[in-house]
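Down below is the structure, laid out as structure tokens.
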Amino acid sequence: MIEQQVQKRAAEAGRVHLSIDDGIASVVFDRPQARNAMTWAMYTELGAICESLRSDRTVRVVTFRGAGGEAFVAGTDIEQFRSFSTGEDGVAYERVVDERIGQIEALPMPTVAIVEGWAIGGGLAIATACDFRIATPNARFGLPIARTLGNCLSMANIARVTAAFGIGRAKRMLLLAETLQADELHAAGYVTEVVAADAIDAAASTICAKLAANAPVTMQVSKEAIRRVTQAGLPDGSDLIRLCYGSRDFKIGVEAFLEKQRPNWSGE
């Protein structure tokens, strides 16, 4: 009974798994019962995995994928936000998310996001930090926080989203709270390839093989050069994060989301 309870708690907290086969590392977000929404424990595991991969010169490519086939990562587990009491909690949270996304972005080897279903909020940030994205036709990408939670992104993630999607699509996601389809983002260059669910494993293997055959140092230097250009000279932005997470609307959004109700925004 005790062992079953421990296993149940572990499943509820979720896991991030790493496996390596013939130079290809696979990172899997494993919490399918919650659309792989990230818990604090999962963010910690992700950080440790990225740290391990960063120094592993036997790894030529890394893939990121959600378990279950219905979602990549559907953001952060909203239940955890109930413990936030001030805007400083939001600043601390966004700092951790920035660190994890930055770790993915700074990996020296190419990275591929395999997106099936939802890539929302933090899941979109993870997918955007990868170098390439292959997706199923039902994949959906978005940052619907203006409709759901009433929180915000860090300046670093705003910069990543704007660089990847352009200002127009960034505003559609952030202000109109739209989710964008894989076909549109394939045409825009964000999604590398759209393939049927039963063909996505083969597509992932093909792109990984192409990348694994290329010069590792050239790819590492090119990745880092692009990262430096897109992340150069970012303003602080902690005042904006503090304002949003410290607002009454953020508390309204969290409670409404968890109660499955439409938030009645106060503007405060």
Side-chain angles (χ1 to χ4, degrees), residues 12-14 29 31 33-44 46 71-102 117-129 140-181 234-268:
E12 289 173 350
F29 303 101
R31 197 172 174 239
Q33 74 278 12
R35 292 182 174 176
N36 302 315
M38 297 287 285
T39 61
W40 304 149
M42 291 172 73
Y43 278 119
T44 298
L46 175 60
F72 178 67
V73 171
T76 297
D77 185 346
I78 307 307
E79 180 69 38
Q80 299 173 129
F81 290 138
R82 270 185 163 157
S83 65
F84 284 23
S85 58
T86 71
E88 293 302 329
D89 293 318
V91 171
Y93 162 70
E94 290 294 342
R95 187 178 298 119
V96 170
V97 173
D98 270 351
E99 183 178 337
R100 298 296 169 264
I101 301 304
W118 300 98
I120 301 295
L124 180 89
I126 292 169
T128 301
R140 297 293 183 269
F141 302 81
L143 297 162
I145 50 180
R147 187 180 71 243
T148 56
L149 291 184
N151 62 333
C152 65
L153 303 184
S154 69
M155 296 300 290
N157 276 323
I158 288 288
R160 292 181 182 108
V161 168
T162 303
F165 294 93
I167 293 175
R169 286 189 177 89
K171 288 185 176 181
R172 284 172 59 194
M173 290 190 289
L174 288 165
L175 306 186
L176 288 172
E178 291 184 12
T179 54
L180 307 183
Q181 298 185 14
L234 289 177
D236 176 24
S238 60
D239 59 321
L240 303 177
I241 297 170
R242 193 175 294 111
L243 173 65
C244 220
Y245 280 91
S247 69
R248 183 179 173 216
D249 273 351
F250 174 62
K251 294 179 175 61
I252 289 171
V254 169
E255 292 304 318
F257 186 94
L258 294 173
E259 297 298 327
K260 296 181 171 58
Q261 298 175 354
R262 186 177 179 84
N264 184 17
W265 305 115
S266 69
E268 300 175 358

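Throughout, numbering of the chain's residues begins at 1 and tracks the sequence.
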(request) Check the pair Leu174, Ile158 against side-chain contact (heavy atoms from CB on, under 4.5 Å), reporting the backbone distance first and the verdict last. (result) CA-CA 10 Å; Leu174 288 165; Ile158 288 288; 3.7 Å; yes
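- A salt bridge links Glu259 to Arg82: one of the charged nitrogens lies within less than 4.0 Å of a carboxylate oxygen.
- At distances below 3.5 Å, at least one donor-acceptor pair connects side-chain atoms of Asn36 with backbone N or O atoms of Phe72.
- In this structure, the side chains of Phe84 and Phe250 come closer than 4.5 Å at one or more pairs of heavy atoms.
- Interatomic distance, CZ of Phe165 versus CG of Leu143, reported as 7.0 Å (0.5 Å rounding).
- The 12-atom threshold is not exceeded at CD of Gln181, counting heavy atoms of other residues, nucleotides or ligands nearer than 6.0 Å.
- Residues that satisfy the salt bridge (charged side-chain N to carboxylate O under 4.0 Å, His left out) test with Asp249, not counting sequence neighbours, are absent from this structure.
- Glu88 meets the salt bridge (charged side-chain N to carboxylate O under 4.0 Å, His left out) test with Arg242; sequence neighbours excluded.
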(request) Apply side-chain contact (heavy atoms from CB on, under 4.5 Å) to Tyr245 and Leu240, showing your working. (result) CA-CA 9 Å; Tyr245 280 91; Leu240 303 177; over 6 Å; no
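- Relative orientation of the Trp40 and Phe81 rings is perpendicular, given thresholds of 30° and 60° on the angle between their planes.
- Listed for the Arg31 side chain is a donor-acceptor partner under 3.5 Å among the backbone atoms of Ala37.
- Between the side chains of Tyr43 and Glu99, no donor-acceptor pair is found at a separation under 3.5 Å.
- Heavy-atom neighbours of Arg140 CZ from other residues, nucleotides or ligands within 6.0 Å: above the threshold of 12.
- When every heavy atom of Thr148 is checked against every heavy atom of Trp265, the shortest pair comes out as O-CH2, 3.6 Å.
- The shortest heavy-atom contact between Cys152 and Ile241 is SG-CA, 3.7 Å.
- Here the side chain of Gln80 pairs a donor or acceptor atom with the backbone of Met38 at under 3.5 angstrom.
- For Leu175, the side chain to side chain contact (heavy atoms under 4.5 Å, CB included) test picks out Lys171, with sequence neighbours left out.
- Scored by the salt bridge (charged side-chain N to carboxylate O under 4.0 Å, His left out) test, Arg169 finds Glu184 as partners (sequence neighbours excluded).
- Arg147 and Pro263 get closest at one heavy-atom pair: O-CG, 3.6 Å.
- A search for salt bridge (charged side-chain N to carboxylate O under 4.0 Å, His left out) contacts involving Arg95 returns nothing, not counting sequence neighbours.
- For Thr179, there are no side chain to side chain donor-acceptor pair (under 3.5 Å) partners, not counting sequence neighbours.
- A donor-acceptor pair shorter than 3.5 Å can be found between the side chains of Thr76 and Tyr93.
- If you take CD1 on Ile78 and CG on Leu258, they are separated by 7.0 Å, rounding to the nearest 0.5 Å.
- The closest side-chain heavy-atom distance from Ser266 to Ile252 is below 4.5 Å.
- Counting heavy atoms from C-beta on, the side chains of Ile120 and Arg35 never come closer than 4.5 Å.
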(request) Quick one: do Arg160 and Asp98 satisfy side-chain contact (heavy atoms from CB on, under 4.5 Å)? Show the steps, please. (result) CA-CA 11 Å; Arg160 292 181 182 108; Asp98 270 351; 4.0 Å; yes
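- Between Asp89 and Ser83, the shortest heavy-atom distance links the atoms OD2-O, 4.3 Å.
- Taking each heavy atom of Leu180 and Arg172 in turn, the nearest pair found is CD2-NH2, 3.3 Å.
- Heavy atoms only, all atoms of each residue included: Ala256 and Arg262 are closest at CB-C, 4.2 Å.
- Side-chain atoms of Asp77 and Thr39 form no donor-acceptor pair, as typed in the model, at a separation below 3.5 Å.
- To the nearest 0.5 Å, atoms SG (Cys244) and CG (Asp239) are separated by 11.5 Å.
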